Peer 1: 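The structure under discussion is supplied below as structure tokens; questions concerning it will follow.
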Amino acid sequence: MGLTRLKLAALAAATAIGLFAHVDASQAQSDYPNKPITIIVPRSAGGGIDQLARLLAPIWEKELGAHFVIENAEGAGGAIAIAEAERLPADGYTILCFSPPAEYVLQLQGRFGSGSVSDWQMIGATNSDPGAVAVPPDSPFKTFNDILAASKGGKRLSVATIGRTTGSALSAMVYQSTFGVKWGIVPFDGGGDMTTALIGGHTDFGIRQGGMYDLHPAKLRIVAVAADQRIAELPDVPTIKEVTGKDIVYSAFRGFAIKKGTPPEIIKKLQDTFAKAAQSPEIANKQFQVTGFRYQFLDAVQFQKEADKQAKVAEQYKDEILGK
């Protein structure tokens with residue numbers, strides 16, 4: 001009898017613990033957010049995605065009712081930031097900046113932390129930027145064809161990129177493969193560092209998606225864009241297809257993601273408040289002027305579709321990425 005009573009008591013205690021745990025979890029979700037939310041940026045301060053996060057955060061704060069903290073965890077092409085975000089709980093208080101195909105490139109290299117890209121749920125994005133090729137203001141290269149001609153003539157040119165695992169670096173690989181040239185890639189931790197070096201003439205040219213349009217032509221010259229047609233921000237700049245005949249079109253999409261396993265109610269709350277903040281006049285009308293990145297709102301579904309397209313490009317150039 002005594003043993004039976006002990007078993008019943010233990011069962012009752014376990015049930016109570018489970019019930020209280022469920023109540024606590026439900027309470028935490030209903031009270032969300034009740035502490036600051038951290039946005040982890042995988043680039044140095046001053047770079048494009050860092051500027052986007054800092055521009056959006058105050059507007060998102062108003063919609064969500066929580067304070068946002070920006071944490072820069074640059075280095076290793078974004079792997080440091082991913083590792084930092086991975087170790088934190090899936091409770092909605094850690095948001096990771098996402099800029100495909102950087103994350104897919106890291107995964108191909110076996111450097112995407114202990115998990116995979118599929119462990120992350122998209123929140124949304126506010127940016128779409130066609131790739132651009134730019135030169136210092138006093139460069140002897142007037143066109144993209146001038147760069148190709150010099151490369152094919154035996155001159156070893158240096159190209160500035162953002163890291164070795166980003167869309168910027170992958171673009172350089174695409175160009176080298178397409179046109180049969182070889183460049184010396186000079187990676188920088190962030191877009192701000194890269195652009196400053198390019199303006200200073202420390203590399204022959206640079207490749208980046210956005211973040212340079214507003215500097216043309218006073219501080220640097222953009223010689224081509226990888227778009228299907230000329231873009232409104234750079235009406236005097238030809239497309240890659242116009243100058244080479246090769247139909248190279250690609251863009252960068254910069255946004256935010258949350259770890260899967262986060263309660264669905266919290267994910268939806270983040271997505272809904274992000275959508276309101278991202279489509280507000282403060283972002284829609286001012287993003288380009290403040291950051292130099294073209295504005296385009298993408299909800300979670302749209303952002304995922306674009307990320308999947310970027311993954312296919314990364315897979316296509318897997319051998320180049322892995323140095324084979």
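This structure is a prediction, so every number in the text was calculated from the model and none was measured. Computed over heavy atoms, backbone and side chain alike; hydrogens, waters and symmetry mates excluded.
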Peer 1: With a 6.0 Å cut-off on the ring centroids, do W60 and F256 count as close?
Peer 2: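 Ring centres of F256 and W60 closer than 6.0 Å.
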
Peer 1: Restricting to salt bridge (charged side-chain N to carboxylate O under 4.0 Å, His left out), what partner residues turn up for D50, sequence neighbours left out?
Peer 2: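 Checked D50 against salt bridge (charged side-chain N to carboxylate O under 4.0 Å, His left out); matches are R54.
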
Peer 1: Kindly indicate whether a cation-pi arrangement holds for K35 with Y93, taking the cut-offs as under 6.0 Å to the six-membered ring centre and within 45° of the axis.
Peer 2: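 Output yes; distance and angle both within limits.
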
Peer 1: Please tell me if the side chains of M212 and M194 come closer than 4.5 Å, counting only heavy atoms from C-beta onward.
Peer 2: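 Of all side-chain heavy-atom pairs linking M194 with M212, at least one is under 4.5 Å.
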
Peer 1: Would you tell me whether T262 and Q121 have side-chain atoms, one donor and one acceptor, within less than 3.5 Å of each other?
Peer 2: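 No donor-acceptor contact under 3.5 Å links the two side chains.
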
Peer 1: Restricting to pairs with a member in residues 113-125, which pass salt bridge (Lys or Arg N to Asp or Glu O under 4.0 Å), not counting sequence neighbours?
Peer 2: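 As it turns out, there is no salt bridge (Lys or Arg N to Asp or Glu O under 4.0 Å) pair with a partner in residues 113-125 once direct neighbours are skipped.
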
Peer 1: Between E282 and I59 (side chain of the first, backbone of the second, donor and acceptor by atom type, cut-off under 3.5 Å), is there such a pair?
Peer 2: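 It does not hold such a pair.
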
Peer 1: Does the side chain of Q296 pick up a donor-acceptor pair with the side chain of T126 at under 3.5 Å?
Peer 2: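 No.
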
Peer 1: Any sub-3.5 Å donor-acceptor pair from T291's side-chain atoms to F288's backbone N or O?
Peer 2: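 No, T291 side chain to F288 backbone: no donor-acceptor pair under 3.5 Å.
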
Peer 1: Determine the minimum heavy-atom distance between A53 and V41, stating which atoms define it.
Peer 2: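 Taking every non-hydrogen atom into account, CB-CG2, 4.1 Å.
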
Peer 1: Between I95 and L55, is there a shared hydrophobic cluster once you connect ILVMFWY residues whose side-chain heavy atoms come closer than 4.5 Å?
Peer 2: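 Yes; L55 is reachable from I95 via cluster members.
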
Peer 1: Does R43 offer a backbone N or O that forms a donor-acceptor pair with the side chain of N72 under 3.5 Å?
Peer 2: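 Looks like yes, one N/O pair under 3.5 Å.
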
Peer 1: Side-chain donor-acceptor pair under 3.5 Å between R208 and T195, yes or no?
Peer 2: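 Result is yes, a qualifying pair exists.
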
Peer 1: What pairs with E63 under salt bridge (charged side-chain N to carboxylate O under 4.0 Å, His left out), at least two apart in sequence or on another chain?
Peer 2: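 Result, salt bridge (charged side-chain N to carboxylate O under 4.0 Å, His left out) vs E63: none returned.
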
Peer 1: What side-chain donor-acceptor pairs closer than 3.5 Å can you find for residues 148-157, not counting sequence neighbours?
Peer 2:
from	atom 1	to	atom 2	distance (Å)
S151	OG	I147	O	2.9
S151	OG	W183	NE1	2.8

Peer 1: Sort and list the pairs that fulfil salt bridge (Lys or Arg N to Asp or Glu O under 4.0 Å) and have at least one residue in residues 250-260, not counting sequence neighbours.
Peer 2: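 Non-adjacent pairs meeting salt bridge (Lys or Arg N to Asp or Glu O under 4.0 Å): D129-R254.
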
Peer 1: Could you go through the salt bridge (Lys or Arg N to Asp or Glu O under 4.0 Å) check for K276 and D272 one step at a time?
Peer 2: CA-CA 7 Å; K276 292 180 181 179; D272 290 348; over 6 Å; no

Peer 1: Under the salt bridge (charged side-chain N to carboxylate O under 4.0 Å, His left out) rule, collect the residues that match up with E242, sequence neighbours excluded.
Peer 2: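 Only R230 meet the salt bridge (charged side-chain N to carboxylate O under 4.0 Å, His left out) criterion with E242.
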
Peer 1: Classify the angle between the aromatic ring planes of F144 and Y175 as parallel (below 30°), tilted (30 to 60°) or perpendicular (above 60°).
Peer 2: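 Plane angle between 30° and 60°, so tilted.
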
